Structure formats: structure tokens, C-alpha cells
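One structure is given below, encoded as C-alpha cells.
This is a predicted model, so every value here is computed, not measured. Just so you know, ligand 1 is whichever comes first in the structure, and atom 1 is the first atom listed for that ligand. Worth knowing before you read on, the calculation uses all heavy atoms, side chains too, and leaves out hydrogens, waters and symmetry mates.
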Amino acid sequence: MATENFDVIVIGAGPAGYHAAIRAAQLGLKTACIDAALGKDGKPALGGTCLRVGCIPSKALLDSSRQYWNLTHLFGEHGITASNPAIDIGTMIGRKDKIVKQFTGGIAMLFKANKVTPYYGFGQLQPGNVVTVKQHDGTTVELKGTNVVLAAGSDSIELPFAKFDGKTIVDNVGALDFTEVPKRLGVIGAGVIGLELGSVWKRLGAEVTILEALPDFLAAADAEVAKTAAREFKKQGLDIRLGAKVSKADVKKNEVVLTYTDAKGEQTITVDKLLVSVGRRAATKGLLADGTGVKLDQRGMIEVDEHCHTGVDGVWAIGDCVRGPMLAHKGFEEGIAVAELIAGLPGHVNLDTIPWVIYTEPEIAWVGKTEEQLKAEGTPYKAGSFPFAALGRAVAMAEPAGFVKVIAHAETDRILGMHLVGVNVSELVHEGVLAMEFSGSADDLARICHAHPTLSEAVHDAAMAVSKRAIHKAN
Ligand code: FAD
Ligand code: NAD
């Protein structure tokens, strides 16, 4: 078999992999990128989980369902009424599929424009930086790279008693493609996917029950943010049951009977569809042939150092298959950093300033540490917050729920975290990211002019509240 040589071979064309490939090609390196995924039409689709069955399709459905919810629940306040509002699920899913096709096709075009050679099939790293690709047409090709970047991403974790059947018990893939609104949707796991996709189907009329094993809601978020979000979700009718340990999921005809135990003892509920969203694990099955020297940690993630290097000469790993948050934009940055390191440039990702966003209504976002983390580590801090209910723009939009909180070091005033819940906070959180990347203080943020009336004024007032000088609320 003839072997084709490349400077860089990337396995996986998700957010991490396609960023690495395009940036490497921009830097003049001969680059190949391999991806095994097929789209709904059975044709190769680049872009990974994010573009096919993750970030983008979920946001398309969140947006469609939000429009419907606003029409049926919010517009009345503005004096707007509509008779017989209805939603056509086929049209909504079709719109989502069109967006997915546009963006997965867009990656193929970007590869072409940047001279990245795509290979469509399953890639396996062999010893000596050789990669074999089992292509969809049944043929195998062999590539050799001076550098190989592993960007295999992640897969849904399956529960042994609730195996995915793609119809009644589903993961994100199935829950993004229901053909009708389930009357009763059960969700196991009140994490990011459970809350986002639970919200989509709740807004469209499903009765949604979310069973969460932990006693605390959104334990990774700031406790006040989590409390505010939980209150708003309850108002919307999302039934979130905490401390619920599910032990059985019996599929009977077209229903699932779930058995779980919580503080009240053993309980059962019956649902029409079950979404299992209990986390994701690195997709390393079959990725590494024997003898490559690449190591996996006990969670199955590829071991890397702070520069995403595996310790094997010329082999790197990035994105969901390595440590750190499983977020598309974290993968983007690692892809770019690794390509730049390979080209001999400086490349670095600061995992301490990766923003988190949950695209529910209200949105939840944060960067940096929570008050709870700072207390636990004994760091002295001061916090200031500002409610959207006191902000002209938010009230004018009829979106008064939530607040912005800025946390700064008690002695140096350096910003240590920003925590937000409310309308459009997915955009506002970046003021915190930017300030933290520039080692900014709460005083810096407080002295920066913010346009009036905007939602970003909540960030300004929260920063002022850190030193008890907020103007629009009592300090
Ligand atoms: P992936 O996107 O998983 O891509 C890996 C690619 O590699 C896949 O295409 C796979 O087919 C391919 N591959 C794997 N192994 C091989 C192999 N051996 N040979 C060939 N190809 C291979 N993150 C956000 O930041 N914001 C969001 O709003 C968001 N929403 C999400 C919503 C849902 C429902 C889900 C499931 C995830 C969401 N995420 C979101 C997470 C985000 O999708 C992931 O963090 C991101 O896709 C990870 O990128 P990646 O490149 O590491 O891996
Ligand atoms: P998650 O880690 O966000 O949440 C999983 C939840 O399930 C946790 O609260 C956990 O305590 C709970 N859980 C685990 N086992 C359980 C069990 N047996 N019974 C009941 N509850 C159980 O995982 P996810 O929602 O599957 O999402 C996976 C990842 O995908 C996220 O962590 C995130 O990295 C990424 N994602 C990001 C976004 C975004 O950025 N907006 C959206 C979706 C997914």
C-alpha cells in the first residue's frame, strides 16, 4: 500500500479537529483531516458532534421553541395576541436539518479553500505516526504524519438499564429528531443537555420530568445562579426531581416505566420518551493500535500535558477526548494552539477562563471561580451583583429574571469570576472573560463606559457593587 506523507494529520473533524487542520494549513503545513461521521442523509458530514448533533442543532430547536413559547406565554404582556397558535414539528426539524447541512457543508468548503485534504472514514493511529483510514467505500489508505493530532471527541454515556434504542430511549441524537411532541418526556440527568433539550420539548407542550441523582441542582454553577434558574424553570413547569437514583427503565409498548429512589423512597413514573443525558466520555474506541505509546487515564481520556502533547513524539490530542470542559470553544482554542505549536509559534489555552453557557431561558453563564470554590480554598473575596429587574433595558424587554455577579479578590480587586443568569447572558459573560484575560480588576470594569440602555449595564453595575457604589440599587 502506498503511503502518503503529511506534515499534520488530524483524526476527527469536530470543532477541535477542524480548527487544528485549517490553522495548520494556513501556516503552510501539508495537512489531512479524517472523519468517519455520516449525516442524516447517509453522506459524510464534517463538523463533529457540535455541527451535526450538538451545539448548532440544539440551538436551532431552542430558538424555534422559544419563539413558540413567547408567542403563547409572553406576547400577551406586549398586547400582542394570535388566534390558534400552532407549531409544525416537521417544519421545525426541517429548518434545523437545513442549518446543519449548511454548516457541515461549510467545513468541507473551508477545507477546500485552505487546501486541507479530507479523508472520509475511520482513522487509527499506528506506531510511528502512521495512520490507517478505513474509508466508507471499503478501501484502506495509509498516511504518515510528522505530526498527528487526535481529535476524536466524545460519545454519550449509556446507562446499563436504559440502553439507547434510538426511538423510545434516546440520547441527544434522538431528542433532536422527535417527529412529534412527546406527551410525557422523561430525562435522566439535570445537566446541560437535560436542561436544554428538556426546555425545547417543554416549551412545545411536553410534560417534562427530569431525574437528577445529585441532591444539589447544577452543582458546578454559582449557588445563587442555580437557585434563581431552578425557580424560573419551576415557573415554566419543568419538573426537576433531585436526589433521584434511577434503577430501572422498562420499555412497555410505546412507554417507559422508570423506577427511582429518592428521599421519599421508591417511586415510579411512566413516560412516552426517555432522554438519557448523564454525561459524555472520550470516543477513543479503536482509535489507537497496539504499541502507539499514547496513554489513556482512568476515565478513558487521552493523557496530555498543558500543551496538549501526549508525550509521544509528534502526537497531540485536543477537544473532548482530553481533560478540561467538553465545550466546542475549548476545542477551538486547543486546535489553534496545537497547530501553532507545531509550526513553531507560541500556543497556549488558559483553561481558567473558558466560559460556560447553558442556553435555557433564562440563560446561565459563568467564567472563573464561584463563591463556593473560593470559600473552600480560603481565598478572600468580595462580590457585587445587580438584578435585571432593576435594569431599564431588561424590564423594557419583559425579561426581568436573573442577575450578574462579579467576584473580585478582597485585597487586589482582581476579578476571579463572573456568574450570570438572565436574558442574553451568553453574550455578556465575555466581558468577564476579557477582563480576566487582561488581569482586570472590578474597578477597571466599573470605570469602563457602557452604553445605556443595554443589558451590559448589569455587568457595569455589578462591578460597581463590588465596592458598594452601584448607582441603581441600594448597596
Ligand atoms: P467532536 O465534535 O465529538 O468531533 C469528533 C469527530 O471525530 C466526530 O465527527 C467523529 O465522527 C470523529 N471521529 C472520532 N473518532 C474517529 C476516528 N477514529 N476516525 C475518524 N473520525 C473519528 N458545546 C458548546 O461549547 N456549546 C454548546 O452549545 C454545546 N451544545 C451541545 C449540545 C449537545 C446536544 C451536545 C451533545 C454537545 C454540545 N456541546 C456544546 C459540546 C460540543 O459539541 C463538544 O464539546 C464538541 O463538539 C467537541 O469537539 P471535538 O472536536 O472535541 O469532538
Ligand atoms: P452533564 O455532565 O452536563 O450532566 C449530567 C448530569 O447527569 C449531572 O447533573 C449528573 O449528576 C447527572 N447524572 C449522572 N448519572 C446519573 C444517573 N445515573 N441518574 C441521574 N442523574 C445522573 O452531561 P450532559 O448533560 O450529558 O452533557 C454532556 C456534556 O456536553 C456537558 O457536560 C457539556 O460539556 C456538553 N454540552 C455543553 C452544552 C453547552 O455548552 N451549552 C450543551 C450541551 C452539552
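Listed by atom number, the atoms of ligand 1 under 4.0 Å from L327 heavy atoms are 23 (N), 25 (O), 45 (O). Interface atoms of ligand 1 facing I193, defined by a heavy-atom separation under 4.0 Å, are 35 (C), 36 (C). If you number the atoms of ligand 1 from 1 as listed, the ones under 4.0 Å from a heavy atom of G123 come out as 17 (C), 18 (N), 19 (N), 20 (C). Contact atoms of ligand 1 toward M326: 41 (C), 45 (O) (distance under 4.0 Å to a heavy atom of the residue).
Distances between N or O atoms of A328 and those of ligand 1 include at least one value under 3.5 Å. Of the N or O atoms in A213, one or more lie within a sub-3.5 Å distance of an N or O in ligand 2. At least one N/O-N/O distance between A16 and ligand 1 falls below 3.5 Å. At under 3.5 Å, a nitrogen or oxygen of E212, whether backbone or side chain, sits near a nitrogen or oxygen of ligand 2. Annotation: K59 places an N or O atom under 3.5 Å from an N or O atom of ligand 1; distance criterion only. Residue-to-ligand polar distances place G279 within reach of ligand 2: an N/O pair is separated by less than 3.5 Å. Ligand 2 has no nitrogen or oxygen under 3.5 angstrom from a nitrogen or oxygen of L327. By the 3.5 Å distance cut-off applied to N or O atoms, H329 is counted among the residues near ligand 1. Between I11 and ligand 1, no N or O atom pair is found at a separation short of 3.5 Å. Looking at V357 next to ligand 2, an N or O pair under 3.5 Å apart turns up.
The number of heavy atoms from other shown groups lying within 6.0 Å of CD (E372) is above 12.
With a 4.0 Å heavy-atom cut-off, ligand 1 is reached by the backbone of S154 but not by any atom from C-beta on. Residue contacts with ligand 1, taken as heavy atom pairs separated by less than 4.0 Å, do not involve Y18 at all. Of the heavy atoms in K245, none comes closer than 4.0 Å to ligand 2.
In this structure, the protein non-hydrogen atom closest to atom 4 (O) of ligand 2 is G191 CA, 3.2 Å. Nearest non-hydrogen protein atom to atom 4 (O) of ligand 1 is G14 CA, 3.4 Å. With respect to atom 35 (C) of ligand 2, the closest heavy atom belonging to the protein is M326 O, 3.4 Å. Nearest protein heavy-atom neighbour of atom 7 (O) of ligand 2: G189 CA, 3.3 Å. For atom 14 (C) of ligand 1, the closest non-hydrogen atom of the protein is A152 O, 3.1 Å. Protein heavy atom in closest approach to atom 9 (O) of ligand 1: D35 OD2, 2.7 Å. For atom 53 (O) of ligand 1, the closest heavy atom belonging to the protein is G153 CA, 3.0 Å. Among all non-hydrogen protein atoms, the one lying nearest atom 44 (C) of ligand 2 is I193 CG1, 3.3 Å. Closest protein heavy atom to atom 31 (C) of ligand 1: C55 N, 3.4 Å. With hydrogens left out, the protein atom closest to atom 5 (C) of ligand 2 is S277 O, 3.5 Å, a heavy atom. Protein heavy atom nearest atom 2 (O) of ligand 1, with residue, atom name and distance: T49 N, 2.9 Å. The single protein non-hydrogen atom nearest to atom 37 (C) of ligand 1 is G54 CA, 4.1 Å, given as residue, atom name and distance. Scanning all protein heavy atoms for the shortest distance to atom 18 (N) of ligand 2 gives L159 CD2, 3.8 Å. Scanning the protein heavy atoms around atom 50 (P) of ligand 1, the nearest turns out to be P15 CD, 3.8 Å.
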| task | Would you please test E334 and R323 for salt bridge (Lys or Arg N to Asp or Glu O under 4.0 Å) and show each step? | result | CA-CA 11 Å; E334 286 181 338; R323 83 285 174 266; 2.9 Å; yes
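Taking a 4.0 Å cut-off on heavy atoms, G286 fails to register as neighbouring ligand 1. A heavy-atom separation below 4.0 Å is found between V53 and ligand 1. The closest approach between a heavy atom of W356 and any atom of ligand 2 is below 4.0 Å. Using a non-hydrogen distance threshold of 4.0 Å, Q124 does not register as a contact of ligand 1. Within the structure, ligand 1 lacks K330 among the residues with a heavy atom less than 4.0 angstrom away. For the ligand labelled ligand 1, residue G331 lies outside the 4.0 Å heavy-atom shell.
Of the listed options R280, R281, E363, K330, R280 places a heavy atom closest to atom 29 (C) of ligand 2. Between the choices I358, V192, I188, L211, the shortest heavy-atom distance to atom 38 (C) of ligand 2 belongs to V192.
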